[in-house]
Amino acid sequence: MDDKKELRRNDLIASLVLLATSIFVVVDSTRMTFFVKIPGVEKEGWFVAPGFLPLILGLGLIVMSLIMISIALKEGGKLAFPGWEKFRNYFKSKDELIMAAEIGLLFLYTFVLIGNIHFAVASFIYLVLAMVIVRAISWYKILTISGVVSIAVAYLFGNLFKIPLP
Amino acid sequence: MEAFWSSVVHLATSPVIILVMLFSITVGIIVGALPGLTATMSIAILVGLTYNLSRELCFTVIMSVYVGAIYGGSITAILLNIPGTGSAAATALDGYPLGVEGQASFAIGMTRTASIIGTLFGLVMLLTIAPMLAKIALLFTSVELALLALFGVLVSGFVAAEDLKIKGWIAAFLGMLVSCIGIDQLHGYFRFSYDIQMLMAGISFVPVMIGVFGIPQVLDNLRLVLPPRIKQTGSLIPKWKDFSRYIPLTLRSGLIGTGIGIIPGAGEDIGAWMAYFAARATSKEKGKFGKGSTEGIIAAETGNNSAIGGALIPLLTLSIPGSPPAAVLLGALLLHGIRPGPMLMFEFPGFLQEMGAIMFLVAILLFVCGLMVAKFFIKALDIPPKILMPIVAVLSVIGSYAINIRIFDVRLMIIFGIIYFFLFKLKYPVAPFVLGVILGPMIDENLRRAFWVHGGLMPVLTRPVALVLFIGLILMGASQIGWIRTFIKRKVLKGRSLRDK
């Protein structure tokens, strides 16, 4: 029951974000929804304009996010932002810290390393750090596996399959 | 059928094709068996990696991995109670108790045979129904295609949603919205680009697919702790007399699996569950279900493998993928210049038979590969997810980059992957989102073209098929509105009580 309430609380927050996004989409879509002359028809129509589908989707998302908000409120969801204690406990959890670190590492790999240094080196750094964070195996095995995999992948795809590497 | 058999002979006499098939099926089985690696994800990665291969070789690799992975999921389900793929979840219910009883090899042998028969059943249906469906499909114009695609995306949202149905539709709408980013194909207008050059070109569906399927699994599985392994006993080759008594069940499960596979977005997972439920409902040994029923594992495995052929029927004839892996396969077809749909038979004569021939050979070789590797590949399960998953992330990077040679796509893959990691926690299904991204342009272009040709919405709805689809969409939406549902329930109950009196 608590899990469901927690889910609905998160649903409520997600629905509010969705509602804001949908309103933005609708406003932006109206800019693209101009009237177009349709052959064989006297009046100009807006339903062939580029903004037609985004407008429909945006309006649909507004309706659905409102329904989601109502469901979440009905089923026990409350718009209560987590207190300092909960926030601190969240970051005390080892699992959550690992998740945060792995997500950060993925960003480091794709936004900083790739494109700036050789793909094999970037992949080696990522593999080493990703395995160290979760303490996968001993450090020398991590270094060996990461080295072998990054060189093998770079050679296999880059040289053998002739697939361009980032 | 002549074209089919000549394709079989052509492929079977090519040593390269056979070797590639053997290798790819083996990879597929291992991928399917490894918890966290799904058929959809591996095909999504392969779409990028096989981009430079010839058409024949590309689809040989993809179909081999597809069939192998759907079967492979059953092995970890039986040995570890961890379904390697979602489609093997029903197999775990009875497969694992059989494994605990020391009948793991028997169960693996039975599921392999069931998978082969299921695949062949789906293939027969594909070759017999697809040409007929294609003739009907020729009656479909822009508006019907647009409404059918929309219907497929929304049905997928309806079926795939685990929590609330509306979450499936939100995912589908978001997917379609993402597909709107970039240059509009009818007017050349830039939508949601904000003068960012990379966005002007649009968002490629391959990195999005790899991201939403791959990254959440990578992040989730980094914490996975595997239970202790179980020792296999008995023979991996089932005796004919053991299997023959289940042939009627196999055929019925094949029919259910194929039928479910045809429904857009439903896929192998639901095919397996439906076949399993039907087997349980009609079994004389209902009490055995959930405790180690052979009928249970055969029904589930036939159901999921026959759904492959089923999923290919709407994909090839109507351009509507029947399952998430088929949705990714649609991407591969488009990348190779093959536009599935009513004109496929005319634009690419023999392609359907070629795909059928690949499936046929893959089904035959699945027996050999499954047998050869069954004893040994379990060892691959010893690779801890903490080592395997970072490697999967590296492969995802290569797969998403290889399509357009843009680092932007790699970053997009990561962003979508992380967004969906959180949406996944909120139980937003991934399949409708991906279907929305893939089918969004088809819906947008065809709908507006139809309005352009017919001059408005009302003339469009004078077409019978379009009207039926439109009513279907309205009914699907209305069925989820609380007071309408209550009204229908009351009417039904009232009707029943009057009938009883």
Side-chain angles (χ1 to χ4, degrees), chain A residues 7 10-11 14 18 25 28-29 32 36 38-41 45 47-54 57-58 60-61 64-65 67-68 71 95 98-99 102-103 106-107 109-111 114-115 119 123 126-127 129-131 133-137 141-142 145-146 149-150 153 157 161-166, chain B residues 48-53 163-164 166-167 169-170 173-174 176-177 180 184 186-192 215 218-219 222-223 384 386-387 389-391 393-395 397-398 401-402 405 407 410-411 413-414 417-418 421-423 425-428 440 443-444 447-449 451-453 455-457:
Chain A
L7 177 67
N10 293 335
D11 278 343
L18 184 68
V25 166
D28 211 23
S29 301
M32 309 171 212
V36 179
I38 302 165
V41 179
F47 36 79
V48 292
F52 174 73
L53 188 67
L57 294 175
L61 283 171
M64 287 194 281
S65 53
I67 295 172
M68 274 301 296
I71 292 173
D95 272 1
I98 287 174
M99 276 304 96
E102 289 290 348
I103 289 172
L106 278 172
F107 273 104
Y109 180 42
T110 51
F111 281 80
I114 283 180
F119 177 72
S123 300
Y126 167 73
L127 287 170
L129 293 176
M131 288 186 216
I133 288 171
V134 291
R135 292 180 187 169
I137 30 171
K141 280 184 186 167
I142 290 178
I145 290 172
S146 304
V149 168
S150 49
V153 162
F157 293 110
F161 295 162
K162 303 281 179 208
I163 291 169
L165 295 173
Chain B
L49 299 183
T50 56
Y51 182 55
N52 288 334
L53 297 180
D163 182 26
L164 301 165
I166 199 168
K167 286 187 177 177
W169 289 340
I170 290 174
F173 270 52
L174 285 174
M176 287 189 279
L177 203 56
C180 289
D184 147 54
L186 287 186
H187 289 89
Y189 192 90
F190 293 110
R191 296 188 292 198
F192 307 112
I215 299 304
V218 167
L219 292 171
L222 277 169
R223 295 178 292 181
K386 288 175 181 178
I387 297 172
M389 288 302 145
I391 299 171
V394 172
L395 292 175
V397 165
I398 300 174
Y401 179 77
I405 326 288
I407 288 185
V410 177
R411 291 167 184 168
M413 182 268 293
I414 291 294
I418 288 168
F421 172 70
F422 291 109
L423 287 178
K425 302 277 174 226
L426 296 175
K427 298 185 190 288
Y428 281 86
I443 296 166
D444 183 35
L447 205 58
R448 284 161 57 208
R449 189 177 292 128
F451 289 154
W452 192 287
V453 171
L457 177 68

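Values reported hereafter were calculated over all heavy atoms of this structure, with side chains retained and with hydrogens, waters and symmetry mates removed. Order of the sequence lines sets the chain letters (A, B, ...), proteins ahead of strands, with each chain counted from 1.
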Measuring heavy-atom distances to chain A, does B:Ile414 have an atom under 4.5 Å in its side chain, in its backbone, in both, or in neither?
side chain
Portion of B:Leu164 that has a non-hydrogen atom of chain A nearer than 4.5 angstrom
side chain
Please identify, among B:Leu423, B:Val410, B:Leu174, the residue contributing the most non-hydrogen atom pairs under 4.5 Å to chain A.
B:Leu174
Heavy-atom pair count under 4.5 Å with chain B, highest-scoring of A:Leu53, A:Leu57, A:Val149, A:Leu61
A:Leu57
Please determine if B:Arg448 forms a cation-pi arrangement with A:Phe52, meaning its NZ or CZ atom is less than 6.0 Å from the six-membered ring centre and no more than 45° off the ring axis.
no
Contacting region of B:Leu426 [heavy-atom separation from chain A under 4.5 Å]
both
Whatever's closer than 4.5 Å to a heavy atom in chain A on B:Ile407 counts as side chain
Side chain / backbone / both / neither for B:Tyr428 at chain A, heavy atoms under 4.5 Å
side chain
Evaluate A:Asp11 against B:Lys427 for salt bridge (charged side-chain N to carboxylate O under 4.0 Å, His left out), listing each step before the verdict.
CA-CA 9 Å; A:Asp11 278 343; B:Lys427 298 185 190 288; over 6 Å; no
Under a 4.5 Å heavy-atom cut-off, does chain A meet the side chain of B:Ile170, its backbone, both or neither?
both
Can you tell which of A:Lys141, A:Arg135, A:Met131 has the highest number of heavy-atom pairs within less than 4.5 Å of chain B?
A:Met131
Applying a strict 4.5 Å limit to non-hydrogen atoms, the region of A:Ile145 in contact with chain B is side chain
Supply the atom-to-atom distance B:Phe190 CZ to A:Met32 CE, rounded to the nearest 0.5 angstrom.
12.0 Å
Just do the side chain to side chain contact (heavy atoms under 4.5 Å, CB included) check on A:Tyr109 and B:Val394 with the steps written out, would you?
CA-CA 9 Å; A:Tyr109 180 42; B:Val394 172; 3.6 Å; yes
Nearest heavy-atom approach of B:His187 to A:Ala49 is CE1-CA, 4.3 Å
Does any backbone or side-chain atom of A:Ile71 lie under 4.5 Å from a heavy atom of chain B? Answer side chain, backbone, both or neither.
side chain
Taking every heavy-atom pair that is under 4.5 Å apart, which of A:Asp28, A:Asn10, A:Ile67, A:Leu106 has the most such pairs with chain B?
A:Asp28
Given the options B:Ile387, B:Leu447, B:Asp444, which has more heavy-atom pairs under 4.5 Å with chain A than any of the others?
B:Ile387
Applying a strict 4.5 Å limit to non-hydrogen atoms, the region of A:Ile137 in contact with chain B is side chain
Could you look at B:Ile215 and say if it's the side chain, the backbone, both or neither that has a heavy atom under 4.5 Å from chain A?
side chain
What part of B:Phe173 is in contact with chain A, defined as an atom under 4.5 angstrom from a non-hydrogen atom: side chain, backbone, both or neither?
both
Any chance you could measure B:Ile391, atom CD1, to A:Ser150, atom OG, to the nearest 0.5 Å?
9.5 Å
Side chain to side chain contact (heavy atoms under 4.5 Å, CB included) for A:Tyr126 and B:Val397? Distances and angles first, verdict last.
CA-CA 12 Å; A:Tyr126 167 73; B:Val397 165; over 6 Å; no
Look at the side chain of B:Arg411 and the backbone N and O of A:Thr110, then say whether any donor-acceptor pair between them is shorter than 3.5 Å.
yes
Looking only at non-hydrogen atoms, find the nearest pair between B:Leu219 and A:Met99 and report the distance.
O-CE, 2.8 Å
What distance do B:Ile398 atom CD1 and A:Ser123 atom OG have between them, rounded to the nearest 0.5 Å?
6.5 Å
Residue A:Ile133 versus chain B: region with a heavy atom under 4.5 Å
neither
B:Met389 side chain near A:Glu102 side chain, heavy-atom distance below 4.5 Å:
no
